[in-house]
Amino acid sequence: MAGLALKNIHKSFGKVDVIKGVDLTVEHGEFVVFVGPSGCGKSTLLRMIAGLEDITDGELWIGDKLCNEVQPRDRRIAMVFQSYALYPHMTAYENVGFGLTLAKTPKAERDAKIREAARILQMEHLLDRKPAQLSGGQRQRVAIGRAIVRNPEVFLFDEPLSNLDAALRMDMRMELSKLHQDLGATMIYVTHDQVEAMTLADKIVVLNGGIVQQVGTPMELYHRPANLFVATFIGSPKMNLIEVEVKETASGMITVGSQTLDPVAIPAIGAVKPGDTLTLGLRSHHLTLGGEALTGTVALVERLGNETIVNLEVAGGNALIAALDGDTTIERGSSLSLGFAPQNAILFDASGRALDEAVI
Amino acid sequence: MSAKSTSKLQKHTLAGWLMATPAVGLITLFLVVPFLLAFVLSFTNQRLVSPNPTQFVGLSNFEQLLGVGTLMLEPERDDAGAIVRDARGEPEYPRVRDYTRNNPDYLQLSGMRELAAMSWGENRLVFLARDVVFIKAVLNTLAFVAVVAPVQAGLALLLALLINQKLRGINVFRTIYFMPVVVSIVVVSLLWRFIYAGQSGLLNTLLGFLTLGNFQPVDWLGNPATALWSILAMSVWQGVGFHMVIWLSGLQTIPESLYEAADIEGATGWQKFRYVTWPGLRNTAVLILIVITMQAFSLFSQIDVMTKGGPVDSTQSIVFQAVQRGYVQQDIASGSAISVLLFLIVLTISLLQRWLTRERN
Ligand SMILES: Nc1ncnc2c1ncn2[C@@H]1O[C@H](COP(=O)(O)OP(=O)(O)O)[C@@H](O)[C@H]1O
Ligand SMILES: [Mg+2]
């Protein structure tokens with residue numbers, strides 16, 4: 001039974017600092033996703049947990065064991081690589097059983113474990129094939145099978161789905177979720193795709209520039225992003241940002257407005273005074289027809305069936321994206337007014353940090 | 001290039017041929033023609049310069065080169081039937097030449113000479129060859145290939161594995177190991193004559209120094225027992241860097257993630273080599289074995305510079321003999337026949353290697 005603790009982890013390659021002090025606890029059995037843009041250090045962090053990269057500074061605890069200097073094989077982890085890292089000259093069966101072969105596990109036991117993993121992943125019929133004779137999704141299964149056979153405390157996945165096509169990715173996502181439930185093991189999963197993060201994670205760790213931006217459940221990140229980076233990274237379409245000026249502050253209420261936006265009182269707490277400039281964040285899905293707060297010209301309409309995405313050009317050259325009901329009939333070029341519930345709006349200060357929500 | 005100009009060029013095949021002419025001409029002149037000529041001449045009695053017309057002689061050149069036989073000699077006995085012994089107590093045997101010269105009962109051995117002999121019970125088994133020097137050249141070359149191929153390939157792989165590490169200053173080692181390759185084999189051979197020199201050669205001096213003077217100097221190139229192996233050691237040293245680079249290119253095609261996965265699975269260094277590296281080098285290994293084998297079969301320059309086939313024919317090689325016959329003895333037909341034989345040997349061995357190292361499913 002192993003959780004994980006990272007304490008002030010640093011990593012530099014020569015003079016370049018890639019991970020700049022990460023603190024994180026992962027509970028046993030949790031599905032944690034590291035998400036962030038390409039190059040932010042997700043893989044590096046994962047590889048440090050695996051033991052494939054040295055830890056420059058800080059402590060890594062797996063279970064109750066300090067693992068900084070422990071060999072990868074002794075960390076009770078298994079890793080699934082983006083490239084699958086299957087051995088081309090071995091069959092799927094041999095690939096899955098590779099670790100057992102190395103450990104000279106008796107043949108019968110090895111066979112039983114391989115077949116059990118194949119059963120879990122429904123790939124019994126693929127065991128005789130070599131990787132070259134498998135499709136991307138099937139190779140992925142073999143790679144996961146190899147991880148399962150190790151019976152690890154912690155599964156590590158580095159962008160395991162990014163080489164698959166969209167439909168397959170969705171299937172595999174669901175299977176991974178199910179696998180997590182069935183095995184009950186701790187899983188750490190790296191991706192640059194926020195949809196994967198939202199759908200899979202118990203807990204998301206948003207990384208940028210080697211620094212943890214926010215740790216939280218998918219819903220926390222969606223509704224209460226800690227800063228502008230998280231706000232725009234999580235959620236699709238991207239959160240709308242409007243520059244606003246503080247008009248008035250009252251207890252638990254900050255009234256803001258701008259050329260674009262009629263003054264509106266937002267429940268938020270922060271050390272701001274009238275005249276300060278803030279950024280107002282509004283999710284596309286929180287914009288509704290029938291309000292009067294924002295008015296503009298429709299620049300583009302995308303009908304997706306279940307919803308209609310509208311690009312609205314508002315005064316001051318700003319553009320907003322609204323996700324409206326699928327049956328809405330809106331013409332390009334027409335004028336449109338939208339509203340929102342004030343408690344759905346988020347205010348960010350000049351440094352990009354979100355102001356605290358005031359509970360009304 | 002537009003579709004139109006492509007089709008225009010395709011219509012004007014003449015232009016294409018003209019452009020290819022210099023290359024095709026040179027290849028024909030210096031590769032195709034000599035190759036075919038060697039085949040044709042090996043069935044004639046052509047000499048380099050001769051007033052007599054060339055005649056077709058069938059397979060006789062090959063029969064001359066390859067003729068071998070064995071002869072079982074029984075010890076001489078006196079009238080009582082006891083074995084006659086010489087002063088040292090060794091049995092005496094009849095002379096070989098009594099069988100190979102003008103002996104109507106042994107016509108098939110006529111003209112052969114003794115190649116080697118061994119005891120066979122109280123009898124003596126004699127191996128005979130029509131062309132003793134050539135057979136020795138073949139045996140030497142085969143021994144050379146049989147040792148050079150695995151030793152050079154293995155050593156090159158070892159060096160490649162060593163310099164494939166991410167260490168500071170590793171490029172210095174890469175350069176050092178590769179340097180002998182850049183130097184001409186003729187120059188290398190000349191230099192190594194000093195190393196191997198009999199009395200005050202570098203190697204003898206070094207060995208004497210290391211053994212505090214207990215080492216008896218050896219005339220490495222002048223001793224039939226050491227000459228071929230000395231040349232072999234030098235050849236391996238000279239060629240190993242080249243094959244190291246080929247191995248290295250093979251090593252670098254193996255994805256790093258395969259090693260990382262092996263690390264996580266708990267593979268030892270040896271297991272990583274056995275399960276990841278070696279299978280990943282299969283094609284490279286085939287290539288290297290074939291290249292080394294062919295290079296080793298064409299052993300010539302070292303011999304020509306260092307020993308000229310001596311001492312006592314202990315370093316004769318096939319190509320050296322081909323050149324000796326063809327140009328020194330002006331017997332083009334025999335030289336051609338040797339070349340054809342070499343071609344057939346190399347072809348057979350290459351096909352055999354490919355077959356042995358084929359992908360098995
Ligand atoms: N072995 C390495 N040597 C030097 N720089 C590296 C190395 N590995 C990764 N980096 C750098 O570290 C940063 C983070 O890389 P990585 O963790 O792979 O990002 P990602 O979040 O896309 O997985 C990148 O800027 C990358 O260039
Ligand atoms: Mg990555």
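In what follows, chains carry the letters A, B, and so on, assigned in the order in which the sequence lines appear, proteins first and then strands, with residues in each chain numbered from 1.
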Exercise. Would you find more than 12 non-hydrogen atoms of other residues, nucleotides or ligands less than 6.0 Å from B/F173 atom CZ?
Worked result: no
Solution key, residues 65-72 of chain A side-chain donor-acceptor pairs under 3.5 Å, sequence neighbours excluded:
| from | atom 1 | to | atom 2 | distance (Å) |
| --- | --- | --- | --- | --- |
| A/N68 | OD1 | A/L60 | N | 2.8 |
| A/N68 | ND2 | A/G58 | O | 2.7 |

For this session: Examine whether an atom of A/P88 lies under 4.5 Å from a heavy atom of chain B, and if so say whether it belongs to the side chain, the backbone or both; otherwise answer neither.
Result: side chain
Problem set entry | A/D182 atom CG, over 12 foreign heavy atoms within 6.0 Å | yes
Problem set entry | Steps toward side-chain contact (heavy atoms from CB on, under 4.5 Å) verdict (A/F81, B/I264) | CA-CA 11 Å; A/F81 293 80; B/I264 290 178; 4.2 Å; yes
Exercise. Does anything in residues 89-103 of chain A get under 4.5 Å of chain B by heavy atoms, and if so which residues?
Worked result: A/H89, A/M90, A/F98, A/G99, A/T101, A/L102
Exercise. Are side-chain heavy atoms of A/S83 and B/L258 found at a separation under 4.5 Å?
Worked result: no
For this session: Check whether any side-chain N or O of A/Y87 sits under 3.5 Å from a backbone N or O of B/Y275 as a donor-acceptor pair, and report yes or no.
Result: no
Exercise. Is atom CG of A/D111 surrounded by more than 12 heavy atoms (other residues, nucleotides or ligands) closer than 6.0 Å?
Worked result: yes
Exercise. Between B/E265 and A/R150, is there a salt bridge with N-O shorter than 4.0 Å?
Worked result: yes
What side-chain donor-acceptor pairs closer than 3.5 Å can you find for residues 41-52 of chain A, not counting sequence neighbours?
| from | atom 1 | to | atom 2 | distance (Å) |
| --- | --- | --- | --- | --- |
| A/K42 | NZ | A/G36 | O | 3.1 |
| A/K42 | NZ | A/P37 | O | 3.1 |
| A/S43 | OG | A/D158 | OD1 | 3.2 |
| A/S43 | OG | A/D158 | OD2 | 3.1 |
| A/R47 | NE | A/E53 | OE2 | 3.2 |
| A/R47 | NH1 | B/E260 | OE1 | 2.8 |
| A/R47 | NH1 | B/E260 | OE2 | 3.1 |
| A/R47 | NH2 | A/E53 | OE2 | 3.2 |
| A/R47 | NH2 | B/E260 | OE2 | 2.7 |

Exercise. Is B/N171 atom CG crowded by more than 12 heavy atoms from other residues, nucleotides or ligands, each under 6.0 Å away?
Worked result: yes
Exercise. Heavy atoms under 4.5 Å from chain A: which residues of residues 230-255 of chain B carry them?
Worked result: none
